[in-house]
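I have placed the structure first, in the form of C-alpha cells, so that the comments after it can refer back to it.
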Amino acid sequence: MDAANRPEERKTPDDRQKMTELERIRHSCAHVLATAILRLWPDAQFAAGPPVENGFYYDVELSHRISPEDFPKIEEEMKKEIKANHPFEKIVVAREQAVKDAQSGRLGALGARSVPSRYKLGNLEDIPEGEQITYYQNGDFIDLCAGPHVMRTGNIGAFKLTHVASAYYKGDEKNPQLQRIYGTAFKNKTQLDEYFKMLEEAKRRDHRKIGAEMGLFVIDTEYVGPGLPLWLPKGAAIVEELEKLAKETEFAAGYVRVKTPHLAKEKMYLTSGHLPYYEESMFPPMRLQAEGKLNVTIQGYESQMDALKQEMAEELKKSLPDEVPPIHSQKDFVEFVGNFFRSFPREKQMAFDALSKVILFNEVGMAGAGEVDRYYLKAMNCPHHHRIFAAEPRSYRDLPLRLAEYGTCYRYEQSGELIGLMRVRSLNMNDAHIYCAPEQFASEFNAVNEMYLKYFKIFGIEKYVMRFSTSSPQGMGKKYVNEPELWKKTEDMVRQVLIDSKINYVEVPNEAAFYGPKIDVQAWSVIGREFSIATNQVDFAQPRSFDLRYKDRDNTEKTPICIHRAPLGTHERFIGFLIEHYAGNFPLWLSPEQVRILTIGDEPELLDYARAILNELRGHQVRAEIDISTDKINGKIQRAEQMKVHTMFVIGKRDLEAKVISVRVHGRGNLGATPRDEVISTLLEQIKTRAA
RNA sequence: GCCAGCGUAGCUCAGUGGUAGAGCAACGGUUUUGUAAACCGUCGGUCGUCGGUUCAAUCCCGACCGCUGGCUCCA
C-alpha cells in the first residue's frame with residue numbers, strides 16, 4: 001500500500017528515512033523503471049512509485065498498453081541505466097520552482113515536454129506547507145521524490161518486472177486509472193531467485209488447485225453462483241472437524257450454542273445500523289407482497305415504460321377496482337391482471353397481458369403495492385443474537401452471556417473481489433457474541449485472545465499479529481457512531497488488555513468498525529504468506545440500538561457491552577488458509593481421508609481381515625476407506641499418495657497370518673508392520689489429541 | 001464495480017478460417033499383486049454463451065458470463 005497516496009496516512013520525511021536497505025533498492029529500482037519506460041515512450045506520465053511488501057511498482061499513464069511482452073525490452077533499458085551507474089542526486093527546490101518544473105513536464109521525465117507532469121502536480125499539492133520539496137535525479141531522469149535512495153543505480157543488485165495491473169490515481173476510484181507496473185528487486189541474484197522459488201511454492205500450494213485435486217470443494221458458477229462454494233464430502237469432513245474443535249473449545253469456555261435463520265426483516269438491519277453502512281454489500285432484499293391496492297405499482301411502472309406500457313397503465317388506473325384480492329405470488333398477480341384485461345379488445349388484451357407478465361412483475365416487481373415486507377439474507381449474525389438476548393429478561397447473574405453459532409452469512413462481494421475460498425459470498429462464521437458488564441470486559445476480552453492463541457498452537461501458526469483498529473476524531477458521526485467518550489473508553493480498555501496480555505499487536509487508527517474498535521488477526525502460513533484470518537470487535541453501539549438491557553445488582557437497567565469474536569473466521573477462508581499452510585497434507589485429525597486400507601490379493605480370508613479392520617475404524621468414527629481393486633499394490637499406493645491420504649494400511653497375506661498391519665504414512669513412507677490392536681489404538685489416540 | 005489477461009473432454013494441455021486431438025481420470029475386459037502407475041479396449045467436447053463478418057467461424061470482430069492478476073471495498 002502506498003501510504004504516500006493517502007493524505008491521512010502521509011509519511012513524514014522522518015518516517016521515510018527509516019526505509020530499509022532493501023526498500024531503498026526497490027524504490028530506486030522504481031525510478032530506473034520509469035527511466036526505462038521514458039526512453040521507450042517519452043510521453044509517459046508518472047504518478048507514484050513506492051516500494052511495497054514484495055517489491056515495488058510505478059503507476060504510469062500511457063496510451064500504449066504495457067503487457068508482459070514488453071517486459072524484456074523495458075528490462076533491457078533498465079539494465080543500461082543500472083550499468084551506467086548514475087548517482088541518485090538529491091536536489092532541494094522551492095515550491096514555486098517545483099510547480100514550474102511540473103508544468104513544463106520536466107518532473108518524472110527525461111527532459112522538458114509539451115504537456116505538464118499532471119500527476120506530479122497533483123502530488124505536489126499533497127505536500128504540506130513547510131515540508132521540504134526534493135527531487136531525485138539519476139542520469140537525465142528527474143523525479144519529484146522524498147527519497148531516500150541507494151547511492152547509485154549500480155547498487156541495484158538484481159531485479160525483475162513481474163506483472164501489470166491497474167490502479168486509481170491516489171487510490172480514489174473517481175480518479176483516472178493508471179497502469180501499475182510491478183517488479184521486484186533484491187541485493188543479489190541469489191535472493192531474487194529464492195523469492196521466485198517461494199512464489200512457485202505458493203503456486204504449488206494454491207488452495208484452488210489443491211482443493212480441486214483433493215476434491216474438497218467446487219464452485220459451480222453456472223447453477224449455484226460465483227462465490228458460493230459447494231463443500232464436497234472430503235471438504236465437508238474438514239468443516240466438520242473444525243466445528244467439532246470450536247464447539248468443544250467454546251463449550252469448555254462457558255459458551256452456549258444457538259441457531260438462527262438465514263434471513264431477517266429489514267427492520268433488523270435498520271435497527272442494527274448495518275443497512276445504511278453496508279447495504280451495497282448485502283444481497284438485495286426479497287419482497288414479500290402484502291394485501292393491498294395496486295395503484296402504487298402502477299405509478300412506479302408509469303415512470304419507466306414506453307408508450308404502449310403507458311397506455312396500459314392509464315387503462316389500469318382508470319378502471320382499477322377499489323378492492324384488490326390478496327396477491328402473494330406471481331401467479332396471483334397474473335391471474336388478477338388477466339381477468340381485468342378481459343374487458344379490452346382482444347389484440348390489446350393480449351398485448352397488455354404479455355406485458356404485464358413479462359415486465360410489470362419482473363421489472364417493477366411487486367414493490368410498493370400495499371405494505372411490503374423486505375427480507376434480507378443475513379450478512380452477519382449479531383442482530384439475530386441480539387434478539388436472542390432480548391428474548392428473555394436478563395439479570396446481571398446471566399452475564400457474561402456467550403452466544404455461539406456457526407452461522408451462515410451472505411455478502412454480496414463485488415464480482416472482481418471473489419477469490420477461491422478466500423473471498424466468497426456465502427460464509428460460515430465461527431461466530432459468537434459475548435454480552436457482558438463493563439467490569440467483566442477485560443477478563444472476557446482476554447479469554448477471547450487466549451482462545452486465539454490456543455488455536456494458533458494447534459495449527460502451528462507461529463507468526464501472527466493483532467491489528468487493533470481504532471476510530472478517528474474526523475470520522476465521528478460519519479464513519480463511526482457518534483459517541484466520542486464511549487469510543488475513547490472502549491479503546492482504552494482494549495488497549496490495556498492487549499498490553500497486559502503481552503500479545504503481539506499493532507494499532508491502526510481510523511480503521512475501526514462503525515460500532516466499535518476491532519481487532520483483525522493476521523497470520524502467516526508456513527511459507528510466509530499473510531492471511532487475514534479472523535476479526536473480533538467490541539460493540540457498544542448495537543446493544544444500545546437494540547435497547548438491550550440487564551437488571552443490575554442495584555436494580556437499575558443497564559446496557560451490556562458486546563464482544564463479537566470469530567477466532568476461526570469463516571470455514572471458507574480458514575480452510576483456504578489451512579490448505580496452503582499444510583500444502584494439502586493435513587494432520588491426521590483433519591485429514592479428509594484418514595486411513596485407506598490397501599489389499600494385496602483378493603483371497604476371501606484376506607478381504608475379511610481387511611474389512612474387519614475397516615469396520616473397526618469406522619466404528620470409532622475414523623474416516624477410513626478400502627481399496628480392493630485389482631490394481632498392483634504400487635498402483636494403489638500411488639493413487640493414495642496422490643490423494644494425500646494420511647495413513648495407508650497395506651494388508652497382504654503376511655499381515656493376515658501375523659495379525660499385523662503394515663503402516664505407510666503419506667510423505668513418510670513405509671513404517672513397517674505392527675500388531676493390529678497397537679496400530680489402531682495409536683491412531684485413535686493421535687486423532688483424539690489432534691496431534692500435528 | 002473498474003483495468004488488463006485468459007476461457008478447447010472431469011483434470012493437464014496440443015491444434016486449425018473447411019464443424020477437433022494426446023495423456024491421466026471414468027467405464028468394460030484381461031491380470032492376482034509387498035510400498036509412488038500391469039495390459040487391452042470403450043466412452044467422452046454444439047472448442048464459455050449470444051450475436052456479427054464470411055460460401056464456411058472453435059479460430060476474425062462485438063457484447064455478455066466466468067476465471068486469473070491488480071485497484072476500490074471488506075460489518
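Every chain is numbered from 1 and lettered A, B, ... according to where its sequence line falls, protein lines coming before strand lines.
- The side chain of A/Pro226 approaches B/G66 more closely than any other nucleotide in the set B/G66, B/A37, B/G34.
- Comparing atom distances between the A/Asn670 side chain and each of B/A36, B/U35, B/G34 picks out B/U35 as nearest.
- What separates CG of A/Asn54 from C1' of B/G70 is a distance of 14 Å, to the nearest Å.
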For a quick test of your reading: what N or O donor-acceptor pairs under 3.5 Å do the side chains of residues 217-225 of chain A make, sequence neighbours left out?
{"from": "A/Asp220", "atom 1": "OD1", "to": "A/Glu222", "atom 2": "N", "distance (Å)": "3.3"}
{"from": "A/Asp220", "atom 1": "OD1", "to": "A/Tyr223", "atom 2": "N", "distance (Å)": "3.0"}

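- Closest to the side chain of A/Ala379, from the set B/A75, B/U31, B/U72, is B/A75.
- No hydrogens or angles considered: nothing links the side chains of A/Glu413 and A/Ser281 as a donor-acceptor pair under 3.5 Å.
- One distance of note links CZ of A/Arg423 with OG1 of A/Thr570; it measures 10.5 Å at 0.5 Å rounding.
- Nearest nucleotide to the side chain of A/Tyr278, out of B/U33, B/A75, B/C71: B/A75.
- The side chain of A/Ser415 contributes an N or O atom lying less than 4.0 Å from OP1 or OP2 of B/G1.
- Listed pair A/Tyr182 / B/C71 meets the phosphate criterion, a side-chain N or O lying under 4.0 Å from OP1 or OP2.
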Just the table, please: protein N/O against nucleotides 40-45 of chain B N/O, every pair under 3.5 Å.
none

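- A/Glu593 and A/Ser591 are not linked by any side-chain donor-acceptor pair at a separation below 3.5 angstrom, with hydrogens and angles left out of the test.
- Within 4.0 Å (heavy atoms only), A/Ser532 reaches no atom of the nucleic acid at all.
- Among the heavy atoms of the strands lying under 4.0 Å from A/Gly635 are primed sugar atoms or P, OP1, OP2 only; no base atom is included.
- Atoms CD (A/Gln638) and P (B/A36) sit 9 Å apart, rounded to a whole Å.
- No donor-acceptor contact under 3.5 angstrom links the side chains of A/Gln594 and A/Thr647, judged on distance only.
- Here the nucleotide nearest the side chain of A/Glu417, chosen from B/G34, B/C73, B/A75, is B/C73.
- Distance CD1/A/Ile561 to CD1/A/Ile563: 7.5 Å, rounded to 0.5 Å.
- Close to B/A75, at under 4.0 Å from its OP1 or OP2, lies a side-chain N or O of A/Lys518.
- Taking every side-chain heavy atom of A/Ile419 into account, B/G69 is the closest of B/G70, B/G69, B/A36.
- Under a 4.0 Å N-O distance rule, the pair A/Lys653/A/Glu605 does not qualify as a salt bridge.
- Between A/Lys479 and A/Lys632, the residue anchored closer to the 5' end of RNA chain B is A/Lys632, taking for each the nucleotide with the nearest heavy atom.
- Side-chain contact of A/Asn536 with A/His564: a donor-acceptor pair under 3.5 Å is absent, judged by distance alone.
- In this model, the phosphate group of B/A38 is not approached by any side-chain N or O of A/Arg639 to a distance below 4.0 Å at OP1 or OP2.
- Listed nucleotides: B/C74, B/C71, B/G34. Nearest to the side chain of A/Ala167: B/C71.
- With hydrogens and angles ignored, a donor-acceptor pair closer than 3.5 Å exists between the side chain of A/Gln414 and the base of B/U72.
- Both A/Asp602 and A/Thr221 lie near RNA chain B, and the one whose nearest nucleotide falls closer to the 5' end is A/Asp602.
- Residues A/Asn123 and A/Tyr169 have side chains that bring a donor and an acceptor to within less than 3.5 angstrom of each other.
- For A/His385 and A/Tyr435, the gap between ring centers reaches or exceeds 6.0 Å.
- A/His274 comes within contact range of at least one nucleobase, with a heavy-atom separation under 4.0 Å.
- Atom CD in A/Glu53 sits about 16 Å away from atom P in B/G69, given to the nearest Å.
- For the pair A/Asp655 CG and B/U33 P, the interatomic distance rounds to 15 Å; values are reported in whole Å.
- Within the structure, every side-chain polar atom (N or O) of A/Arg664 is placed at least 4.0 Å from both OP1 and OP2 of B/G34.
- In RNA chain B, the stems built from three or more successive Watson-Crick or G-U pairs (distances below 3.5 Å) are B:1-7 with B:65-71, B:10-13 with B:21-24, B:26-30 with B:38-42, B:48-52 with B:60-64.
- One donor-acceptor pair, N or O on each side, does fall under 3.5 Å between the base of B/U31 and the side chain of A/Thr630.
- Side chains of A/Thr184 and A/Asn54: no donor on one and acceptor on the other come within 3.5 Å.
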